[in-house]
Peer 1: 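Provided herewith is a single structure, encoded as structure tokens, for subsequent inquiry.
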Amino acid sequence: MSDFPLIFECSRPGRRGVRPPACDVPEQPLGELLPSDLLRDEPPALPEVGELDVVRHFTNLSRRNYGIDTGFYPLGSCTMKYNPRVNEEAASSPGFTQMHPLQPDETAQGCLRVMHELQSWMAEITGFDAATLQPPAGASGELLCLLMIRAYHESRGEGEQRKVVLVPDSAHGTNPASAARAGYTVESVRTAEDGGCDIEDLKAKTGPHVAAMMLTNPTTLGLFEKRSVEMNEILHAAGVQVFCDGANMNALVGVARPGDMGFDCMHLNLHKTFSTPHGGGGPGCGCVGVQKHLEPFLPAPVLSRDGERFFWDYDRPQSVGRVHSFFGNFLMNVRAWAYVRAYGREGLPEIARHAVLNANYIMERIRDEFPPAYDRVCMHECVVTASPLKKHGVRALDVSKRLIDYGFHPPTNYFPLIVPEALMIEPTETESKETLDAFCDALLAIAREAREEPDLLHSAPHHAPVGRLDEAWAARNLDVRWSPGERVASNAE
Amino acid sequence: MSDFPLIFECSRPGRRGVRPPACDVPEQPLGELLPSDLLRDEPPALPEVGELDVVRHFTNLSRRNYGIDTGFYPLGSCTMKYNPRVNEEAASSPGFTQMHPLQPDETAQGCLRVMHELQSWMAEITGFDAATLQPPAGASGELLCLLMIRAYHESRGEGEQRKVVLVPDSAHGTNPASAARAGYTVESVRTAEDGGCDIEDLKAKTGPHVAAMMLTNPTTLGLFEKRSVEMNEILHAAGVQVFCDGANMNALVGVARPGDMGFDCMHLNLHKTFSTPHGGGGPGCGCVGVQKHLEPFLPAPVLSRDGERFFWDYDRPQSVGRVHSFFGNFLMNVRAWAYVRAYGREGLPEIARHAVLNANYIMERIRDEFPPAYDRVCMHECVVTASPLKKHGVRALDVSKRLIDYGFHPPTNYFPLIVPEALMIEPTETESKETLDAFCDALLAIAREAREEPDLLHSAPHHAPVGRLDEAWAARNLDVRWSPGERVASNAE
Amino acid sequence: MSYIPHTEEDRSAMLATIGVESIAELFTDIPEALQLKEPLDVPPALDPHSILATLREYSRQNRSLDEMVSFLGAGVYQHAVPSAVAALIGRGEFLSAYTPYQPEASQGYLQTIYEFQTMICELTGMEVANASMYDGATAAAEAAVMAHGVTGREEIVVSRALHPHYRECIRTYAPAVGCTVVEALWDELEAAIDEQTACVVWQYPDFFGRVLSPSHLVNRAKEVGALTVCAAEPVSLGVLRPPGAFGVDVVVGEGQPLGVPMGYGGPHVGFFCVKKDLVRAIPGRIVGKTHDKDGRRGFAMTLRTREQDIRREKATSNICTNQALMALAATIYMSLLGKHGFREVAEACVRNAHYCAEQLLRIPGVSMLFPDAPFAFEFAVRLPRDAEAVRDALLEQGILAGLPLGRFYDDRKDCLLIAATEVRTRAEMDRFATELAKVVN
Amino acid sequence: MSYIPHTEEDRSAMLATIGVESIAELFTDIPEALQLKEPLDVPPALDPHSILATLREYSRQNRSLDEMVSFLGAGVYQHAVPSAVAALIGRGEFLSAYTPYQPEASQGYLQTIYEFQTMICELTGMEVANASMYDGATAAAEAAVMAHGVTGREEIVVSRALHPHYRECIRTYAPAVGCTVVEALWDELEAAIDEQTACVVWQYPDFFGRVLSPSHLVNRAKEVGALTVCAAEPVSLGVLRPPGAFGVDVVVGEGQPLGVPMGYGGPHVGFFCVKKDLVRAIPGRIVGKTHDKDGRRGFAMTLRTREQDIRREKATSNICTNQALMALAATIYMSLLGKHGFREVAEACVRNAHYCAEQLLRIPGVSMLFPDAPFAFEFAVRLPRDAEAVRDALLEQGILAGLPLGRFYDDRKDCLLIAATEVRTRAEMDRFATELAKVVN
Ligand SMILES: Cc1ncc(COP(=O)(O)O)c(C=O)c1O
Ligand SMILES: Cc1ncc(COP(=O)(O)O)c(C=O)c1O
């Protein structure tokens, strides 16, 4: 089999694809409209292909890709739940897609209504006083929260003194990275034996030099942080603001609210809990909830309401500024809106209840081969270890690659960093018992293979479009763009 | 690998998919609204599956199917050209999809305008005086034409006398079948040495007992019927009406018009020449053009125009009646409209020119291994024979199955019936030289394989979701619906 | 716009291979006189953006059911269609495939057809369903022609309460093969069946929405050796006793209500079911189960010797291209609703229609056309005024009141056929009653 | 509606396996006091049909650009987007996938990203592009932060003709890492660059649509060891000399014009390109070419040690989820238009905008804000009246006249920023001029 061609390799000089609208103003050479030293000599070397070439190319590329729509995708911490098709239909309405962000508010009341309702539901669901939909993803929400905390401390004259952010050693990488981006020094807080925060370590590290703590709850170990209220008290006593990483809100929605636990602010990934599609890496859709005292610092503009009229309020003197070109990923808000309305008041808790049920079921079914990292009831995901297979020379990565052969997307592996040979499995509530059983059966079969035929795993996957790729080679021999003439063009795809 | 499960095998009692709108009228038991002996005891045993199950099931089934969007589909006589995506967008507008066929004309002027323009373009393109879009497919158009011819003869008092329809021995199966459906006896006319009609045979069979001749032009041999004008004269002299099967209009569009050749009526398959998608077997989209003398017999209602107002004219006393529940496959008309407008006046002939170029190119490239059935310039398709491979025990069917392994859809085989081991290859104009070359290379490679390793062909395909299927078994052991309990449910797909 | 990928260089190279100088040379078989000298009289080319803009402009000259509250049915029904239907049938592998002549390259489609056949059998209570017909009307006509073929008889007895378009279509198809069509009122239908009868054709629920037991017809037809053909509305079969349970021989119908857009009348999808003993007589494609040499289950078209491409003038029908994509839509729709959801849709339709009738009948001068007949989700009322005038007046209130029956039945110019499906709300029906009351009196 | 497939039986069996009696038991880690006792104050559940109906109702409270003739740009542009874009990015395999951590299961997406990177490099004239940023504003801010990291300097010099929102975003991001932001008018920008400067950031064409050579900035920055960051509009690069050709170090921008819906501001897609020597400093994902053990070409994310999940607080950025689906849309858009089509779009925009400007300038009292500057497809005019009032008056004629500049520049309340892309016709622009003439005088 020859390589799957790049679109550039399908290019033929002079071949045309889609025609743009004909320009019907009097013809005038470009050189008369713009100085020639500001014009390019050659058009960009985009491919020259027909429309059918393009449709086939990307159709066939999609067929070389795994998605939730093709099978189970238990990628831990990413909440790969079903993306309802009704949300796609709703968001593709020209009444939304053909809206320009700089239209006068009077002509955008429909968009503003969607956003206003959604932001108030998000505040209600998380238990905060106010919410903004501006952050385009989770990490952006984290950074925003830290910047608001920073502004808050500054507003109280404590900006200079508080230069440290505490982050659990189990935290997601975006937490310390966001802290650094907010200008803070990161200090790591240890995880205790039971998988919760080591309170002694926390106490030792807390103090007037600390600006904030970032706590994921449920934690990235898939465990509810039982001591979060106590922690928040300790932290607040020292004047520390506490940020909740809400990436794991799928375990809590409708059941409990971070706002009730003493957090000062939190971010949400609407692309996780509220099912907006992940699109191969994005778009995400962020949301940040804050308590009253942080409200003045929200990014401008703030969406407000005056009777039946919605408007953008730009008069926000204490705002930290802007974290997006416009108002966030609006078309994702439409989808999240549709998702909340689908479950409604009574239905929302069922999401968390079944997400947790599914995760515990998997944990239980595979525990003999893949023991949980912390042996407790888990929340929406379970973190297990493949360490027992190490004696056969098999690693979590090998198990993951072999799962591809069984038709499953692998779980997250090697995260959280504190769990050796971690497999982080998040089934979500939209998967059926049959699917979970098939997945567990596959994992157990792979464990058997690891003992009996470990090379089968080392060389996996065997039934994927390509075999295991040499990622180290890619980093050493950096090739991040195609160049003409790099390779003889193949004939057809 | 286990079998791909049926949707019924994924069913679990009590599982729910999409919820219908809630009914908000006062609750009343069905038994009070309808007599209980007219109610069913059990709801129909549809599958009980979740929405995600359904999305995955049909997504993965689609991945087990070949389409133009995945690769070259040179199925002769079917004109498998690219189906432009803009046409899909146009036809999916709620302004068209949400139209009820029995709305008053005043509320459907947009639909009527589309249809009126399209039917007048079709009359112009084919060279007829009038056209109707009512037939939902080609065969329906054939039948309609014969019924109009019948009514015409009856109107002239020749209905009783003319009971025979002449059909070339190379004709598509729908021709004789339609003739039978129109109540006619079929007589076959021989094909001459050059692939055209045997004029002597035609003369011998023509007479006052003949109602019509059905002629495909270009013929199903992919050849232009050079003697069609002469034939039409002979036939007309005997009072015979001549129908043109327009399935092969892709060879003529913009270049020549059957109406100018003396035909009395013709059908078109808009799903061929005018690119409406074939959808795995349908919908088709028919169209029939007639000369003035047949106009009174068109199916009612006839779409008419009064200044800027369009309306359905039901007052058609001589109409043959109705061949569709409503007005034909309207949403397909929208697509065909978009297609005509895309090429426009100047562009239409390019379709035929390139379709013919492509077919001749293939014929030339493979002629050493697969000689043409008639060694002449072909039109939009070439009919070649795999007979030379017979000495290696290889048949056209084996070649076809092996093509699947090379990533191509097989051509039509064993049609026309008069060509032994026929491979009927219709590339269409939307395929590039590179694709044609890859296909020809594959055919030539297969011919080599036939000599060197014929078993590879006998057992092909090897790289399809299933191996060669036992079709004879299926006919002997008729199983045309799933029954509960037929097979232990598999676990997941 | 053009979808032709050829470059000038491609053309030259190809012509060189063929051994001609120009494309025109490939057309020399067409007599010079027949070759067009002038471009056709069609408009000039448009780019895709302008095509969409123009069609958007045209569609604005329509008033779609999205913009009105509609009670129009009469064979085509507005239902809530789950978004996944369009998304899935729009996948290129489905949309751009054709008839699965090569089963190994078409397993996806073949399996969906097998599933379609099964579901249609479940709805209708029949043993065999084909892979689809053009629509309800032609399916009914094909059934009549089949009955003629099977029985050798020439009389087709048709209920006057069968959809007028279906009757027209039967009158188009059947006489051509030598049959006579006899129409009779429902109450006189049984009496019209005799030893000359090839089949009797009726509708269930009938054109007026009535749900009437066909047992007497089935009995009478059995007695005289005629076939029974029932045209059934599929969604109502979510709650109604299926025709198969009455012993009907042939069930046909229009599948549009099963998730297919109204689309101003098409593409829709006909279905065609029979008892097992008629399987070799039916028109159209059938998919059957089989296996490959390794015993893997697979599907393929079967009983192909019935079909035109093999049997030619002896084929059971001339149908070739069918409505597979719409059959797929129906299959996905039924899967998404599932056993319980589907029943709920049917039940909501029945409850809404009864509520609606109740409200309308409160209006003085409005009465049921058939006061004693049970109905499912459609019913006909008699008004104190011309029904077309009433319909037009209500249009101005944004209400599409239903179908005036005058065009189909001369003596029913004051009658309106009204449908209410699950998409209608109580408030909408209340408003309909209020506005109708204003208009009729 | 619920997307949860569990049956009662499933739940029982699963609870039994886990060894608990109820789902509630799985939540005992959450202190009782924290568990919600009452349902949340959100509306009750809706079925999908009603969700769509409600949102349709909301969208009718909008006036979209489909219903107006728009000359609004300012960073987001209305273009003709080929239908294949939405059809292809809507395929489930793309839509429902996530970051290709497991390359063997994600070759499709990885290859499209590699193609995206290549095309963006082609447009901008740069050597390396990443797999996408959130949008133009954050891409610009990330570039400023990167420059700080690379140079160790703390001063970010920003052109006042950079999009005001981009400037706001830089002012949000940069000070947090210890940078000061200095804004300067274009003419004073060169002078503002000195040995403290980490980078200078400007826009090309600038916020006012002007196309100005940055050569002097590049030279000056080189001299003092500062980086140059150019925020470029991608469609105009179809005809304009690419920033890379001026020797710019970093090119960022907003990819929305490349086939992404305006969508009231998002999701869009930022791009980020650098010269090769900066590759290890850039934020976000990068895809590189590699191979499997049989030598088959494949693609995988590379230089992963820059990223937050590996490098944590030392990462080059905190970005994780990006805008891959929109990058895919852009890749498909650029493929469909191709080398020539893309250039034609850019050219049509330039020609339309110049025609439009010419018509408007005929109106007494209307003048160019920057009469001497060349422009591409956007330009600012000074009006004899308050620009917001003019905009509002034209709205009533169905014309969205552009962006009044008063909100961003106090001294420009009478200025309007006007864009004309390839979708505008001559007739529309003529009408704009006619109506504007009526309104301003
Ligand atoms: C625990 C946690 N926090 C934060 C993030 C960052 O969110 P995003 O990717 O939306 O930026 C993630 C994303 O995977 C996460 O799992
Ligand atoms: C030559 C010819 N005639 C008629 C037909 C029948 O057309 P349809 O399938 O649309 O009924 C076909 C279809 O393949 C054909 O190829």
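Every heavy atom of this structure was used, including side-chain atoms; hydrogens, water molecules and symmetry mates were not. Keep in mind the model is a prediction, meaning the values are calculated, not measured.
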Peer 1: Considering only heavy atoms, which portion of A:Tyr82 lies under 4.5 Å from any heavy atom of chain D: side chain, backbone, both, or neither?
Peer 2: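 Contact with chain D involves the side chain of A:Tyr82 alone.
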
Peer 1: What distance do D:Tyr264 atom OH and A:Leu331 atom CG have between them, rounded to the nearest 0.5 Å?
Peer 2: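 Rounded to the nearest 0.5 Å, the OH-CG separation comes to 12.0 Å.
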
Peer 1: Relative to chain D, which segment of A:Tyr73 carries a heavy atom at a distance below 4.5 Å: side chain, backbone, both, or neither?
Peer 2: side chain

Peer 1: Under 4.5 Å heavy-atom distance to chain D, tell me which part of A:Pro26 shows up: side chain, backbone, both or neither.
Peer 2: both

Peer 1: Using modelled atom types only, decide if a donor and an acceptor are shared between the side chain of D:Arg304 and the backbone of A:Ala475 within a distance under 3.5 Å.
Peer 2: no

Peer 1: Could you tell me which portion of A:Leu39 (side chain, backbone, both or neither) has an atom closer than 4.5 angstrom to a non-hydrogen atom of chain D?
Peer 2: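 Both backbone and side chain.
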
Peer 1: Has the side chain of A:Asp69 got a donor or acceptor atom that lies under 3.5 Å from a matching backbone atom of D:Ser96?
Peer 2: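 It does not hold such a pair.
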
Peer 1: Donor-acceptor check, side chain of A:Gln98 to backbone of D:Ser64, threshold 3.5 angstrom: yes or no?
Peer 2: no

Peer 1: Do D:Thr172 side-chain atoms and A:Arg322 backbone N/O form a donor-acceptor pair below 3.5 Å?
Peer 2: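 Flag set: sc D:Thr172 to bb A:Arg322 pair under 3.5 Å.
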
Peer 1: Checking A:Arg468 against chain D: side chain, backbone, both or neither under 4.5 Å from a heavy atom?
Peer 2: both

Peer 1: Please classify the contact between A:Ala179 and chain D as side chain, backbone, both or neither, with a heavy-atom cut-off of under 4.5 Å.
Peer 2: neither

Peer 1: Is the NZ atom of D:Lys314 crowded by more than 12 outside heavy atoms at less than 6.0 Å?
Peer 2: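 It does not: D:Lys314 NZ has 12 such atoms or fewer within range.
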
Peer 1: Does D:Asn318 reach the main-chain N or O of A:Ala177 with its side chain, forming a donor-acceptor pair under 3.5 Å?
Peer 2: no

Peer 1: Measure the acute angle between the ring planes of D:Tyr58 and A:Trp337, then classify it against the limits of 30° and 60° as parallel, tilted or perpendicular.
Peer 2: perpendicular

Peer 1: Hey, which of D:Gln35, D:Lys293, D:Glu347, D:Arg407 has the most heavy atom pairs under 4.5 Å with chain A?
Peer 2: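 Winner by heavy-atom pair count: D:Arg407.
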
Peer 1: So which part of A:Pro461 gets closer than 4.5 Å to some heavy atom of chain D, the side chain, the backbone, both or neither?
Peer 2: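 For A:Pro461, the contact with chain D is made by the side chain alone.
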
Peer 1: Could you please spell out the steps behind the side chain to side chain contact (heavy atoms under 4.5 Å, CB included) verdict for A:His57 and D:Glu115?
Peer 2: CA-CA 12 Å; A:His57 182 75; D:Glu115 293 174 347; 2.8 Å; yes

Peer 1: Between D:His165 and A:Phe326, is the ring centroid distance below 6.0 Å?
Peer 2: yes

Peer 1: Answer with side chain, backbone, both or neither: which region of A:Leu348 has an atom nearer than 4.5 Å to a non-hydrogen atom of chain D?
Peer 2: side chain

Peer 1: Should A:Lys226 and D:Asp29 count as an ion pair when the cut-off is N to O under 4.0 Å?
Peer 2: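 A salt bridge links A:Lys226 with D:Asp29.
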
Peer 1: Looking at D:His340, D:Arg56, D:Gln111, which makes the most heavy-atom pairs under 4.5 Å with chain A?
Peer 2: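 Result: the option with the highest number of such pairs is D:Gln111.
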
